Student: 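Take this structure, written in C-alpha cells, and hold onto it; I'll ask about it next.
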Amino acid sequence: MWIPLLLEFQGSILGVEVDLPTKSYVTQLIGEQESKGIGKIARPEDGGFLKPHIFTLTIPQIDGGTNISIKLRWSQKLSYNAGRFSLTVPFCFPEYVTPAIKKISKKEKIELNVNSSVANGILCKAASHPLKEIRRHEGKFSFLYEAEIFKWSNTDFRFSYSVSSGNIFGGILLQSLYDYDQRDMFCIYLFPGSEKNRKVFKKEVVFVVDISESMQGRPLESTKSAISAALSKLSPEDSFNIIAFSNEAFQFSTSMELASKDAIERASAWISTKYTVGGSTNLFIPLRKAADMLSNTCDSIPMIFLVTDGSVKDERNICHWMQKRLTNQGVLSPSIHTFGIDSIEVQMNKLFSKGLSTVLTNITIDAFDDREEIEVYSSRIPDLSLESPLTIYGRYQGSFPDNLKVTGILGDLSSFTMDLKIQRAKDIPLDSVLARRQIDLLTAQAWFSENKRFEEEVAKLSIQTCNISEYTRMTLLEKNKMLKTLKHFGAWKKKGDPHIVVESELPEMILLQRLSVGFGDLIATAENIRPGSQEPELPEVAKIFIKTTSNYFGGICNRCCCMGCSRCCSKMNNQCATTLTQLCTALACIGCLHCCSQSCCPNQDD
C-alpha cells in the first residue's frame, strides 16, 4: 500500500501511523549517530519526498478486505492576504474511490477548532463547507460539519477569518515548558491592521539574478516574469537596479534609477534579453556591487532580492563579509531576501509584495536591552509589512517583565510607540507552532558558525517536536501483533471473545532515505547541472499520482489518493465510512497550525 500526503502550501510532515490487524507501523525521528547502527534501509521509492510538496510512504503487501487505520500528522503555515488568514486542507477524492457497483451511504465529518491569541475582533469570512458554530469563548471557536453522502468529497476544505482592527496592534504570549532547554517561551506578535491607506516607505531595491547555465529554461524564465511583475509594483518615488551574474556581473544601469514608467519598460526589456551563460557562479561580486549601490540610503528602505539556484564557493566567508558590512552600516542597512527555484514565480511575487509594503521599521523592544535572561531567536527584528504579521520569539528564564514597549518608525517617518499586553498561552502550544521556524533558524546558525552545540540543539528539538531536520533521520517502526488468550494474563471473559491482541516487544526499525535538503552541492553548481536533472526514475504508481495532482490549479480534483490507497478506501463499511479531519488553528498571529487526519476502515458490524 502506497500512502501519499500532498501539502499545497508551506508545511512539514510530522508523522504517519498505520494500524492493521496483525501489524502496526509508525514513523519516528532519531539522531544521526543512532541511525548508523540500523541495518535495514528502505529503498528510495519506499518512503520520502517524490516532489518538495509530496511525501509518500510504502507499507508492504496488504490483503484485500483488510481493515486499515491511517493517521497523518503535519504542520501547515496559514496563508495571509489583505488582513485575512486562510487555511486549505486536501479533501478531494478521485472518482474511483467510490465503488461503481451501487450507491453506498457514507458519513463525512469535519471538526475545526480555532484558537486565536486575540480575544475580540475575530471575523469568520468564508468556508467551503457549511460549518456550524458549536462553541465560542475568548478567542476560541469550534465548528462542526456532518453530512450523509453517496460520493466522496470533490472539494478541498477551505476556511478563512480576519482580525478586525484598523491600526497596528499586538501582544505577548508566554508558555511554561518542561523540556531539554529548561526555559520558558515567549512570543511577541504585531498585526499591520486593516487600514489600506497607511503610508508605506520609499524603497531602494536591487535585484541580483543568477544567469549561470544551470538556470536555463523555466527557472530563468520564471525569474524574469517575477521581476517584471515586481517592477510594476514600485512607486514612482522608489528607485531600483538589476544585476545579472554568472562568473561576472552585468548591470542594467550604472546607478540607481527612479521607477518611472520609461525606466521600468527599459528594465523589463533588458532582463528579457538575458540568457544563461557558462562559467562559474561568482556571488561575491554582485552582492558587493548591490551593497555599494545602497550605501548612501537616507530616507528609504534598502532591499536586495537575490535569486540563485546553486551552492557557491566561499559561501560562509561571503556571509561573514555581508554580516560585517550590514552591521557597520547601522539602522539603514539593506535587508536581503533570498530565493530557491521551486515555485519561484509564486514565491517571489509573495515576497516582493511583502517587502515592498513595509509600514514599520527600526523596531525595538525595550525589555530586550541588557537582559541576559532573555534570548531572542533572531539577530535582527524584521520590518512589519501590510502583507504579513510579525512574530518575535525566544526563551526566558525566571520572571518575564511586566511591561513591554515596542517602538519603531512609520512610513511617514514619524515615531511609533505601543505598550504590549502580556497573557498566558492557554491551549496554544507555542513550542510546537514555532518549532519549524526555530529549527530552520538554528540550522542556519549551526552552518554559519560551524558550532556543534547548535547541531545538537537542532537534533533535540527535531526529535521532541517530530519536525524533520538536517541532523536527524526518519525511521519506520514495524510491530507484529500476537493473538493471546486472556488466561495468559490471569483473567477470563465470561462473554465475548476470550482473546486479546498484543504487540511484540521488539519492533523492527527501517531507516528511510534522507528527507532533509542539505546545504548545497558545489560539484553540481560548478558543472552547471540543473536541479532535478539527476533525480532517480520514479516508480509507476508515483508517476500516476504526480500526473493526477498536476492539474490541481485547473480544478481537477482527482488528487488525494493513489490507486493503492483508493482500493483501501473502496473497501469501507457500507453503513458508515467516516473521514475525520480535526484541525487546531493555533496562534492566529503566527499563522501556523498542526493538522491530524485520520482515516479508518471499520468492521462491517460497526
Side-chain angles (χ1 to χ4, degrees), residues 12 14 29 73 75 77-78 113-119 137-140 169-191 363-382 389-407 418-446 449 451 453-467 469 471-472 584-594:
S12 299
L14 299 179
L29 293 179
R73 293 183 297 115
S75 66
K77 186 176 178 65
L78 296 179
N113 298 314
V114 180
N115 192 350
S116 169
S117 60
V118 182
H137 179 67
E138 295 183 351
K140 298 179 182 179
F169 72 99
I172 306 171
L173 295 172
L174 304 180
Q175 181 187 18
S176 298
L177 294 175
Y178 305 94
D179 59 7
Y180 72 92
D181 193 288
Q182 298 182 345
R183 294 180 297 170
D184 296 331
M185 178 166 278
F186 72 88
C187 175
I188 299 173
Y189 61 91
L190 293 177
F191 280 85
I363 299 172
T364 60
I365 310 292
D366 58 356
F368 293 167
D369 299 334
D370 302 322
R371 285 183 178 266
E372 294 183 357
E373 66 272 20
I374 296 179
E375 180 185 3
V376 183
Y377 287 145
S378 177
S379 59
R380 177 181 176 181
I381 298 177
L390 171 65
T391 57
I392 308 155
Y393 58 97
R395 297 271 188 155
Y396 70 95
Q397 195 163 19
S399 60
F400 198 79
D402 295 328
N403 300 299
L404 263 74
K405 184 175 292 185
V406 58
T407 61
M418 183 178 65
D419 293 320
L420 298 175
K421 181 181 177 181
I422 298 175
Q423 65 182 100
R424 287 284 168 182
K426 296 180 180 179
D427 304 323
I428 298 179
L430 286 181
D431 55 330
S432 298
V433 173
L434 295 169
R436 183 71 262 162
R437 278 182 163 189
Q438 189 179 350
I439 286 174
D440 291 342
L441 181 60
L442 288 172
T443 301
Q445 290 177 333
S449 65
N451 190 326
R453 180 179 69 84
F454 287 123
E455 295 181 9
E456 293 170 359
E457 191 171 350
V458 169
K460 289 178 182 178
L461 186 59
S462 171
I463 293 171
Q464 176 181 301
T465 62
C466 301
N467 277 268
S469 78
Y471 308 108
T472 51
C584 180
T585 312
L587 197 56
C589 64
I590 293 177
C592 185
L593 57 87
H594 287 258

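The structure presented is a predicted model; accordingly, all values stated were derived computationally and were not measured.
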Student: Is the closest side-chain heavy-atom distance between Ile422 and Phe186 below 4.5 Å?
Tutor: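 A side-chain contact is absent here, since even the closest heavy-atom pair is not under 4.5 Å.
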Student: Side-chain donor-acceptor pair under 3.5 Å between Gln175 and Asp431, yes or no?
Tutor: yes
Student: Could you give the distance from CZ (Arg183) to CD (Glu375), rounded to the nearest 0.5 Å?
Tutor: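 Spacing of CZ (Arg183) from CD (Glu375) equals 4.5 Å.
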Student: OH of Tyr471 to CG of Leu461: how many Å apart, nearest 0.5 Å?
Tutor: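 Those atoms lie 13.0 Å apart.
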Student: With side chains defined as the heavy atoms from C-beta onward, is the minimum distance between Ser469 and Leu442 less than 4.5 Å?
Tutor: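 In short, these two side chains do not touch, never coming nearer than 4.5 Å.
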Student: Hey, is Glu456 close enough to Lys460 for a salt bridge, meaning N to O under 4.0 Å?
Tutor: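 So Glu456 does not pair with Lys460 through a salt bridge.
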Student: Got Arg437 and Tyr393 here, is their nearest side-chain heavy-atom distance under 4.5 Å?
Tutor: yes
Student: Between Ile172 and Phe400, does the side-chain contact (heavy atoms from CB on, under 4.5 Å) criterion hold? Intermediate values first, please.
Tutor: CA-CA 11 Å; Ile172 306 171; Phe400 198 79; 4.1 Å; yes
Student: Over all heavy atoms of both residues, which pair between Leu430 and Leu174 is shortest? Give the atoms and the distance, please.
Tutor: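 For Leu430 versus Leu174, the nearest heavy atoms are CD1-C, 4.3 Å.
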Student: Can you check whether Gln438 reaches Met185 side chain to side chain, under 4.5 Å on heavy atoms?
Tutor: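 A side-chain contact exists here, since the closest heavy-atom pair is under 4.5 Å.
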Student: Rounded to the nearest 0.5 Å, how far does CD of Glu373 lie from CG of Asp184?
Tutor: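 So the gap between those two atoms works out to 12.5 Å.
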Student: Once rounded to the nearest 0.5 Å, what's the spacing between atom CD of Gln397 and atom CD1 of Ile374?
Tutor: 11.5 Å
Student: Any non-hydrogen side-chain atom of Lys405 less than 4.5 Å from a side-chain atom of Leu420?
Tutor: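 Side-chain contact under 4.5 Å: no.
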Student: Please check if the side chain of Asn467 supplies one atom and the backbone of Thr465 the other of a donor-acceptor pair under 3.5 Å.
Tutor: yes
Student: Could you tell me the separation between the SG atom of Cys466 and the CG atom of Leu29, rounded to the nearest 0.5 Å?
Tutor: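 Answer rounded to 0.5 Å: 6.0 Å.
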Student: In Å, rounded to the nearest 0.5 Å, how long is the span from CG of Leu190 to CD1 of Ile392?
Tutor: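 It is 5.5 Å, given to the nearest 0.5 Å.
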Student: Would a 4.5 Å heavy-atom cut-off, applied to side chains only, mark Val376 and Ile365 as touching?
Tutor: no
Student: Between Ser462 and Val458 (side chain of the first, backbone of the second, donor and acceptor by atom type, cut-off under 3.5 Å), is there such a pair?
Tutor: no
Student: Within the 4.5 Å heavy-atom criterion, are Val406 and Ile188 side-chain neighbours or not?
Tutor: no
Student: Please walk me through it: do Gln423 and Leu173 pass side-chain contact (heavy atoms from CB on, under 4.5 Å)?
Tutor: CA-CA 5 Å; Gln423 65 182 100; Leu173 295 172; 3.3 Å; yes
Student: Side-chain contact test, heavy atoms from C-beta onward, threshold under 4.5 Å: evaluate it for Arg424 versus Ser176 and give yes or no.
Tutor: yes
Student: Compare every heavy atom of Met418 with every heavy atom of Gly170, then report the nearest pair and how far apart it is.
Tutor: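 Distance-wise, the nearest heavy atoms are N-CE, 3.7 Å.
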